[in-house]
Amino acid sequence: MHLTALFFDVGNTLLFPNRAKMLRALHERSIFPSEDLLLQTERHTKHAFDRLMEDHAAVDHGFWRIFYTRLLKELGISDEALLDDLAARTRMSANWCDIRPGTRDALLSLRREYRLAVISNADGKIADVLAHCGIADCFESITDSGIVGKEKPHPAIFEAALKRLGVNAGESLYVGDVYSIDYLGSTGVGMEAVLFDVSGTYKGDGYPRIESLEQLKPVLKTLVAK
């Protein structure tokens with residue numbers, strides 16, 4: 001295949017949750033979930049959410065209610081107001097502000113060979129967050145569901161991003177972390193896709209996956225060689 005453009009998700013792909021901001025309500029109660037528990041909850045939630053999406057039962061923001069319902073259950077807490085607070089904080093783009101070392105360098109390296117863009121389910125402010133984190137200028141376009149009015153996996157948001165960049169789906173690849181949202185959404189419009197799977201949710205499932213941006217180039221070479 002001829003690959004021209006790479007599109008990226010933001011949350012859990014380019015930027016990661018700021019736990020101090022998102023879990024503030026728990027921390028105020030002196031409850032500090034371990035990273036192992038958070039990753040375990042993420043894996044469980046992604047599988048549960050993928051099953052729901054197969055039945056057309058939810059949209060992307062429903063993911064976080066499932067996540068925190070599971071987390072609070074593991075912590076032995078039943079509190080609807082707390083659940084609402086945690087989910088609301090996680091939906092705020094500004095709270096996705098932790099960036100892995102080397103992210104900018106990896107993107108600049110990829111930009112030497114491909115056109116780069118973003119497609120994100122967000123609140124209309126993801127461009128500002130990417131700018132604050134120092135990587136907005138790595139992308140030719142940033143498509144935010146809060147502005148487009150459609151969320152992944154709806155084909156309209158992918159089609160809007162492709163049109164904005166002026167490329168065809170068949171020459172494009174999407175990188176995101178949720179199978180039912182990112183992988184199926186992008187491949188559904190004819191794009192190639194790779195899962196950004198830091199949590200190891202999809203390990204062994206047979207889908208193209210990476211755990212860092214540095215691992216993307218070898219995968220791209222394999223796809224281009226097809």
Side-chain angles (χ1 to χ4, degrees), residues 1-16 46 49-50 53 60 63 96 99-100 102-122 126-127 130 133 135-145 147-148 150-226:
M1 67 174 292
H2 176 64
L3 189 60
T4 299
L6 307 180
F7 292 81
F8 293 85
D9 184 22
V10 176
N12 281 331
T13 302
L14 297 174
L15 303 178
F16 293 82
K46 284 179 175 175
F49 187 72
D50 288 342
M53 289 300 293
D60 191 19
F63 179 94
W96 290 84
I99 185 167
R100 284 179 150 192
T103 295
R104 180 176 174 82
D105 288 343
L107 291 170
L108 292 176
S109 177
L110 289 165
R111 199 173 67 173
R112 296 188 190 105
E113 300 178 52
Y114 307 98
R115 301 178 68 186
L116 306 188
V118 162
I119 307 173
S120 177
N121 282 2
I126 202 64
L130 290 167
C133 293
I135 56 173
D137 62 324
C138 296
F139 306 101
E140 290 186 47
S141 71
I142 297 171
T143 302
D144 184 324
S145 68
I147 296 172
V148 174
K150 294 291 184 181
E151 294 184 335
K152 300 173 297 178
H154 198 288
I157 189 170
F158 292 99
E159 291 164 355
L162 290 165
K163 183 177 181 180
R164 187 173 181 185
L165 201 62
V167 296
N168 296 320
E171 59 182 327
S172 305
L173 178 138
Y174 189 71
V175 182
D177 70 301
V178 181
Y179 172 74
S180 56
I181 295 293
D182 300 307
Y183 191 92
L184 291 184
S186 56
T187 57
V189 299
M191 302 169 76
E192 292 285 343
V194 172
L195 287 165
F196 198 90
D197 189 26
V198 175
S199 65
T201 303
Y202 303 107
K203 189 179 292 186
D205 287 352
Y207 309 120
R209 58 178 294 278
I210 56 175
E211 295 184 10
S212 70
L213 287 178
E214 290 77 13
Q215 294 176 358
L216 184 55
K217 274 194 174 182
V219 174
L220 295 177
K221 289 179 180 178
T222 301
L223 290 172
V224 170
K226 285 185 177 179

Heavy atoms, side chains only, cut-off 4.5 Å: are L107 and F139 in contact?
yes
Working to the nearest 0.5 angstrom, can you tell me the gap between I99 CD1 and I135 CD1?
4.0 Å
L173 side chain near V194 side chain, heavy-atom distance below 4.5 Å
yes
Residue set satisfying salt bridge (Lys or Arg N to Asp or Glu O under 4.0 Å) with E140, at least two apart, ordered chain then number -> R115
Does R104 use its side chain to pair, donor to acceptor, with the backbone of C133 at less than 3.5 Å?
no
Separation between CG (L116) and CG (D137), nearest 0.5 Å, reads 11.0 Å
Taking only residues two or more places apart in sequence or in another chain, which ones pass salt bridge (Lys or Arg N to Asp or Glu O under 4.0 Å) with D50?
none
Is the closest side-chain heavy-atom distance between V148 and H154 below 4.5 Å?
no
Who pairs with E113 by side-chain contact (heavy atoms from CB on, under 4.5 Å), at least two apart in sequence or on another chain?
K217
Side chain to side chain contact (heavy atoms under 4.5 Å, CB included) test vs D177 passes for just one of V10, D182, V198, namely D182
Would you indicate whether the side-chain heavy atoms of P153 and L184 approach each other to under 4.5 Å?
no
Partners of S172 by side-chain contact (heavy atoms from CB on, under 4.5 Å), sequence neighbours excluded?
A5, F7, L162, V167, M191
Rounded to the nearest 0.5 Å, what's the gap from OG1 on T4 to CD on E171? Could you check?
3.5 Å
When you measure from the side chain of Y174 to the backbone of I119, do you find a donor-acceptor pair of N or O atoms at a distance under 3.5 Å?
yes
Going by the angle between their ring planes, with limits at 30° and 60°, are F16 and F196 parallel, tilted or perpendicular?
tilted
Quick one: pull up CD1 in I126 and OG1 in T143 and give me the separation to the nearest 0.5 Å.
12.0 Å
Rounded to the nearest 0.5 Å, what separates atom CZ in F8 from atom CG in L130?
11.5 Å
Do V178 and D9 have side chains that get closer than 4.5 Å, going by heavy atoms?
no
So does S145 get a backbone contact from the side chain of N121, meaning a donor-acceptor N/O pair under 3.5 Å?
no
Find out whether L213 and L14 are in side-chain contact, i.e. whether some heavy atom of one side chain is under 4.5 Å from a heavy atom of the other.
yes
Across all chains, not counting sequence neighbours, the salt bridge (Lys or Arg N to Asp or Glu O under 4.0 Å) partners of D144 are none
To the nearest 0.5 Å, what is the distance between OG on S120 and NZ on K152?
5.5 Å
Sole candidate of R209, K203, K46 that passes side-chain hydrogen bond (donor to acceptor under 3.5 Å, both in side chains) when paired with D197
R209
Parallel, tilted or perpendicular: ring planes of F63 versus F49, cut at 30 and 60 degrees:
perpendicular
Any side-chain heavy-atom pair of T201 and L195 under 4.5 Å
no
Could you tell me which residues satisfy ring pair (Phe, Tyr, Trp, His ring centres under 6.0 Å) with Y202, sequence neighbours excluded, listed by chain and number?
H47
Heavy atoms, side chains only, cut-off 4.5 Å: are V175 and T13 in contact?
yes
Determine the minimum heavy-atom distance between E214 and P218, stating which atoms define it.
O-CD, 3.9 Å
Indicate the atoms forming the closest heavy-atom contact of I157 with K150, along with that distance.
CD1-O, 3.3 Å
Please report the shortest heavy-atom distance between F158 and G185, naming the atom on each side.
CE1-C, 3.5 Å
